[in-house]
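Structure, as structure tokens:
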Amino acid sequence: MSEPSGPPPWEPPLAGTADEQLLGSLDRLRWTFRWKVDALDSAGLARTVGASTLTLGGLLKHLAIVEDDVVCRRITGAPMPGAWRDHGFENDADWDFHSAASDTPEALYAGWDAAVARSRQWAQEVLASAAGFDARAALSDEVGEFVTARRFVCDLIEEYGRHTGHADLIREALDGRVGEDPPSHWRPVGAHDAPGS
């Protein structure tokens with residue numbers, strides 16, 4: 001494998017607009033999360049630490065749903081993608097975490113990669129629009145207040161910050177993988193370019 005030139009793709013822009021920096025921060029967390037959960041079999045994705053029931057597979061599935069929920073339901077008002085329409089949330093509020101044990105590693109990685117790709121595509125379309133991230137989110141109508149798309153991008157950053165920390169602890173216990181950023185040559189197993197691409 002040849003050594004990539006230039007800064008790694010997870011490095012946020014050194015200069016840019018506030019929204020480019022916002023997306024750069026989100027993408028850095030996405031890359032770091034994907035590195036923490038990368039290249040594991042079913043047993044690795046189902047591993048727990050201490051008294052916690054969190055698994056890396058559960059986190060993958062949860063964050064895939066969060067990506068789609070934020071962009072579809074909260075921001076655009078579009079229906080959730082088909083993968084999430086027939087789910088078990090009605091009977092289990094933690095369905096995404098619990099049901100991941102029944103999914104193959106390939107399905108978990110592909111589901112997260114696809115959700116991130118949809119989210120990235122939406123972000124590019126919004127940034128190209130006149131309103132940008134100042135656009136009114138669909139959830140505004142539900143809560144009766146004006147809510148911008150930017151608010152929900154911030155929510156995604158918060159969600160990834162929390163769960164990347166969880167993944168960090170689980171992965172270290174699993175095989176000793178530690179670090180803030182992936183090595184510059186790392187790319188996700190099975191992904192072509194970037195997480196979600």
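Not measured: the values here are computed from a predicted model.
With rounding to the nearest 0.5 Å, the separation of CZ in Arg74 from CG in Leu156 is 8.5 Å. A distance of 6.5 Å separates OG1 in Thr148 from CG in Asp134, rounded to the nearest 0.5 Å. Distance check: Gln124 CD to Leu23 CG gives 6.5 Å after rounding to the nearest 0.5 Å. The CZ atom of Arg118 sits 9.5 Å away from atom CD of Glu67, with the distance rounded to the nearest 0.5 Å. Atom CD of Glu172 sits about 11.5 Å away from atom CD1 of Ile170, to the nearest 0.5 Å.
In this structure, the side chain of Asp41 engages the main chain of Gly44 through a donor-acceptor pair within 3.5 Å. Checking side-chain atoms of Ser140 against main-chain N and O of Val147 turns up a donor-acceptor pair under 3.5 Å. A side-chain donor-acceptor contact under 3.5 Å links Arg171 to the backbone of Asp38. A distance-only check finds no donor-acceptor pair linking the side chain of Ser184 to the backbone of Pro8 [under 3.5 Å]. Within the 3.5 Å criterion, the main-chain N or O of Thr17 finds a donor-acceptor partner in the side chain of Glu20. Side-chain atoms of Tyr160 never come within 3.5 Å of backbone atoms of Thr32 as a donor-acceptor pair (strictly under, hydrogens ignored).
Ala64 and Ala115 make their closest contact through O-CB, 3.4 Å (heavy atoms, listed as atom of the first residue, atom of the second, distance). Of all heavy-atom pairs between Ser42 and Pro105, the closest is OG-CD, 3.2 Å. Closest of all the heavy-atom pairs between Gly24 and Pro12 is O-CG, 3.7 Å.
Inter-residue side-chain proximity for Pro188 and Trp31 is flagged as met; some heavy-atom pair is nearer than 4.5 Å. Residues Tyr109 and Val37 are in side-chain contact: their nearest non-hydrogen atoms beyond the backbone lie under 4.5 Å apart. Contact of the Cys72 side chain with the Pro81 side chain is registered, since non-hydrogen atoms from C-beta on lie closer than 4.5 Å. Taking the side chain as every heavy atom from C-beta outward, Phe97 and Thr55 never approach each other to under 4.5 Å. The shortest side-chain heavy-atom distance between Pro9 and Arg187 falls under the 4.5 Å cut-off. Within the 4.5 Å cutoff, the side chain of Met80 has heavy atoms near those of the Ile65 side chain.
Remark: Arg120 engages Asp27 in a salt bridge, criterion side-chain N to carboxylate O under 4.0 Å. With respect to the salt-bridge test (charged N to carboxylate O, under 4.0 angstrom), the residues Asp168 and Lys36 qualify.
Using modelled atom types and a 3.5 Å distance limit, the side chains of Ser119 and Arg30 yield a donor-acceptor pair.
Taking the ring centre of Trp95 as origin, the terminal cationic atom of Lys61 falls inside the region bounded by 6.0 Å and 45° from the ring axis.
Counting non-hydrogen atoms of other residues, nucleotides and ligands closer than 6.0 Å to CZ of Arg150 gives a total above 12.
Note on ring orientation: taking the six-membered ring where Trp is involved, the planes of Trp186 and Trp10 are tilted (angle from 30° to 60°).
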(message) Quick one, Leu22 with Cys154, criterion side chain to side chain contact (heavy atoms under 4.5 Å, CB included). Give me CA distance, side-chain angles, the key distance, then yes/no.
(response) CA-CA 8 Å; Leu22 191 68; Cys154 291; 3.9 Å; yes
(request) Begin from the C-alpha positions of Leu139 and Phe152 and carry the test side chain to side chain contact (heavy atoms under 4.5 Å, CB included) through to its verdict. (result) CA-CA 10 Å; Leu139 194 68; Phe152 292 115; 3.4 Å; yes
(request) Decide yes or no on side chain to side chain contact (heavy atoms under 4.5 Å, CB included) for Glu159 and Asp155, but give the supporting numbers first. (result) CA-CA 6 Å; Glu159 191 81 5; Asp155 285 354; over 6 Å; no
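Cluster membership check: Leu127 shares its hydrophobic cluster with Ile157, using side-chain heavy-atom separations under 4.5 Å among Ile, Leu, Val, Met, Phe, Trp and Tyr. Under the 4.5 Å side-chain contact rule for hydrophobic residues, Leu54 and Val49 share a cluster.
Taking the six-membered ring where the residue is Trp, the centroids of Trp122 and Phe133 are separated by under 6.0 Å.
When the options Leu56, Leu60, Val116 are evaluated for a side-chain contact (heavy atoms from CB on, under 4.5 Å) with Phe33, the one that passes is Leu60.
In this view, Glu180 and Arg28 satisfy the salt bridge (Lys or Arg N to Asp or Glu O under 4.0 Å) rule, not counting sequence neighbours.
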